[in-house]
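Each chain gets a letter, A, B and so on, in the order the sequences are listed, and its residues count up from 1.
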Number of protein chains: 2
Amino acid sequence: MSRITPKESIEVVDRLGDITALARSLSDENRLRILVYLADGKQSVSRIVEELQLSQPLVSHHLKELKRCLLVNVERNGPFIYYELADPRILHILKDLAAIGEELLANRKTL
Amino acid sequence: MSRITPKESIEVVDRLGDITALARSLSDENRLRILVYLADGKQSVSRIVEELQLSQPLVSHHLKELKRCLLVNVERNGPFIYYELADPRILHILKDLAAIGEELLANRKTL
DNA sequence: TCAACATATAAATACTTATTGATATATTCA
DNA sequence: TGAATATATCAATAAGTATTTATATGTTGA
């Protein structure tokens, strides 16, 4: 049966848990802003707080979530803790989702 | 300023709301199962209920969510209501997320 | 029109989680 | 060691949502 199913379905159906975990991480605007900011390279918590104008506990909370599903790596340097993207491909996902969203909305307006 | 920012960031930062809406839709296993099932083509609600072994109200609820972010199109035929994928590219997103999840977990085991 | 079926909606519950404010922990430097 | 800074954690709250059970709506065929 698994030989018959197209490849896209196979890989996916065996990893629904991983997919939902990653998708959940991407379902918050502040976490997306953090990920996009980290696209420029590793940043300390305080830099993120300053750049995104969010409270420090809130940023720590979101970084914890991102770390939980392994989307960021952590590294201490003196008193600072730096976070960086674990896999830049996540940015491509964001871009693809943006493109899909854009097109779905455009088609809707056509109705 | 927008000319300086890399293209990936530009498109994305202007559509954080769309991205989070789509990602939220993908953050539930039962919704993913529905999307994957719809990869085979349009299906009636009762077929989905039967195939996925979920209660009918639950399936209707999830279909409503998927429709809300335009991931599925709806079509009535007699007493049946058929749902189909609005954009098959969403399946590629699932595949990409599965691949990223797989690799992130594999690397973690290496630590 | 009525019975049977397909689907949607409503109400209730339980669980998750984003956010805030307060506090704890850890590191550096004087 | 102690003060200052960086970050994490905790407790509380509010808001969202997945699921269930019951019911309503809509469609068909007799």
Verify the contact: side-chain N or O of A:His62 to OP1 or OP2 of C:dT17, cut-off strictly under 4.0 Å; return yes or no. no

Which part of the nucleic acid, if any, lies within contact of A:Tyr83, taking any heavy atom under 4.0 Å across all strands shown: a base, the sugar-phosphate backbone alone, or nothing? sugar-phosphate

Please work out if A:His61 contacts a base, only the sugar-phosphate, or nothing of the nucleic acid, heavy-atom cut-off 4.0 Å. base

Check A:Glu11 with B:Lys95, please: is the shortest side-chain N to carboxylate O separation under 4.0 Å? no

Output the rounded distance in Å from CG (A:Leu58) to P (D:dT13). 19 Å

When rounded to whole Å, the CG to P distance for the pair B:Asp28 and C:dC15 reads 16 Å

Out of D:dA6, D:dT20, D:dT28, which nucleotide sits closest to the side chain of B:Ser55? D:dT20

Rounded to whole Å, the CG-C1' distance (A:Leu63 to C:dA18) equals 14 Å

Does the side chain of A:Arg24 get closer than 4.0 angstrom to OP1 or OP2 of C:dA18 through an N or O atom? yes

Tightest non-hydrogen contact, residues B:Leu54 and B:Val49, listed as O-CG1, 3.1 Å

Nucleotide C:dA26, atom P - distance to CD of A:Gln56 in whole Å: 15 Å

With a 4.0 Å cut-off, would you call A:Glu51 and A:Arg33 a salt bridge? no

Name the closest nucleotide to the B:Pro57 side chain, picking from D:dA6, D:dA8, C:dA8. C:dA8

Establish, with yes or no, whether the OP1 or OP2 oxygen of C:dA6 is under 4.0 angstrom from a side-chain nitrogen or oxygen of B:Arg76. no

DNA chain C: A:Asn77 or B:Val59, which has the more 5' nearest nucleotide? B:Val59

Hey, which of B:His62, B:Glu65, B:His61 is the one that makes side chain to side chain donor-acceptor pair (under 3.5 Å) with B:Arg31? B:His62

From the options D:dA18, C:dT7, D:dT7, select the nucleotide whose nearest atom is closest to the side chain of A:Val45. D:dT7

Please report, rounded to the nearest Å, how far the P atom of D:dT19 is from the CD1 atom of B:Ile34. 10 Å

B:Leu32 has an atom CG; how far is it from atom C1' of D:dA18, in whole Å? 14 Å

Under 3.5 Å side-chain donor-acceptor pair for B:Ser46 and B:Glu50: no

Atom-pair distance (CZ on A:Arg33; P on C:dA18), nearest Å: 15 Å

Whole-Å distance between D:dT5 P and A:Ile81 CD1? 18 Å

Phosphate contact (C:dT19 OP1 or OP2) by A:Asn30 side-chain N/O below 4.0 Å: yes

So does A:Arg47 get a side-chain nitrogen or oxygen closer than 4.0 Å to the phosphate oxygens (OP1/OP2) of D:dT7? no

For B:Ser46, report the nucleic acid contact type (base, sugar-phosphate, nothing); a contact means any heavy atom under 4.0 Å. sugar-phosphate

